[in-house]
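The next block holds one structure in the form of structure tokens; read it before the comments.
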Amino acid sequence: MSDIWGYGPASKYTSGMDLTGYKVEATDGHVGKVDDATDQVGSAFIVVNCKPWLIGKHVMLPAGTITVVETDQETIHVNRTKDEIKNAPEYDPALHRDDANYRITLGTYYGSRGR
């Protein structure tokens, strides 16, 4: 399995970029905006606020799901569909931000499709 928890070179992500507020686009449409992001080696991710689309739901997307970061458009494209994101394990920042077991579950869920 590829490194689902790292930004790929094709993503155009540069260490230290602030992705907060960027729009997130799945392969089949808009899913929300970035509320939180990290570029910690081996555990990089973004947290997407999907409010208008999925009432009150936040999702964590491993950095390896990002295909490209468009800084001029403040948009992040991911290689997952809206349904894949919608059906991902629920994310609660108070419980899951630093939870290794949650990351294993999420990595398995997103990593099962490859990159």
Side-chain angles (χ1 to χ4, degrees):
M1 176 172 36
S2 60
D3 180 17
I4 196 77
W5 295 104
Y7 292 94
S11 72
K12 299 183 183 176
Y13 176 83
T14 304
S15 182
M17 258 183 182
D18 182 7
L19 301 176
T20 306
Y22 276 43
K23 296 175 285 187
V24 179
E25 298 288 330
T27 58
D28 57 352
H30 181 73
V31 293
K33 288 191 174 190
V34 176
D35 267 2
D36 190 12
T38 179
D39 60 3
Q40 188 174 3
V41 175
S43 61
F45 62 85
I46 61 174
V47 174
V48 182
N49 180 339
C50 301
K51 279 200 175 163
W53 177 56
L54 295 172
I55 303 298
K57 185 170 180 177
H58 287 77
V59 295
M60 178 186 279
L61 292 171
T65 63
I66 295 172
T67 55
V68 69
V69 176
E70 295 180 333
T71 54
D72 57 334
Q73 300 292 319
E74 293 192 355
T75 302
I76 296 171
H77 294 271
V78 296
N79 61 1
R80 298 299 187 268
T81 65
K82 290 168 79 172
D83 278 345
E84 287 175 298
I85 294 167
K86 177 182 172 185
N87 296 323
E90 187 79 31
Y91 175 73
D92 179 339
L95 299 174
H96 300 127
R97 186 168 184 13
D98 298 314
D99 181 353
N101 288 327
Y102 175 76
R103 292 207 185 189
I104 290 168
T105 299
L106 198 64
T108 300
Y109 176 79
Y110 284 117
S112 65
R113 207 187 112 201
R115 277 169 74 180

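Values below: every heavy atom of this structure, side chains too, minus hydrogens, waters and symmetry copies.
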Worksheet item: How close do T75 and Q73 get, heavy atom to heavy atom, and via which atoms?
Response: OG1-O, 3.0 Å
Worksheet item: Under a 4.5 Å cut-off applied to non-hydrogen side-chain atoms, are P93 and V47 in contact?
Response: no
Discussion item. Assess, by modelled atom type and distance only, whether the side chains of T20 and D18 contain a donor and an acceptor separated by less than 3.5 Å.
Written reply: yes
Worksheet item: According to the interplanar angle, ranging from 0 to 90°, do the rings of Y7 and Y13 count as parallel (below 30°), tilted (30 to 60°) or perpendicular (above 60°)?
Response: parallel
Worksheet entry | D39 (side chain) donor-acceptor with A44 (main chain) under 3.5 angstrom | no
Worksheet entry | Nearest heavy-atom neighbours spanning I85 and Y110 | CA-OH, 4.0 Å
Item to complete: Spell out, as yes or no, whether a donor-acceptor pair under 3.5 Å connects the side chain of T108 to the backbone of L106.
Response: no
Item to complete: Say whether, by atom type as modelled, one donor and one acceptor occur between the side chain of Y109 and the main chain of E84 under 3.5 angstrom.
Response: yes
Item to complete: Spell out, as yes or no, whether a donor-acceptor pair under 3.5 Å connects the side chain of Y102 to the backbone of P89.
Response: yes
Worksheet item: Which atom names give the shortest non-hydrogen contact between W5 and G42, and what distance separates them?
Response: CB-O, 3.2 Å
Response to the item:
NZ (K33) and CD (E74) are apart, to the nearest 0.5 Å, by 8.5 Å
Worksheet entry | Minimum-distance pair of heavy atoms, taken over all atoms of K12 and M17 | O-CE, 3.7 Å
Worksheet entry | Heavy-atom closest pair, residues A26 and V78 | CA-CG2, 3.8 Å
Worksheet entry | Euclidean distance, D35 CG relative to L19 CG, rounded to 0.5 Å | 12.0 Å
Worksheet item: Can you pull the salt bridge (Lys or Arg N to Asp or Glu O under 4.0 Å) pairs that have at least one residue in residues 91-107, sequence neighbours excluded?
Response: D36-R97
Response to the item:
Between K82 and H30 the two heavy atoms that sit nearest each other are CE-O, 3.6 Å
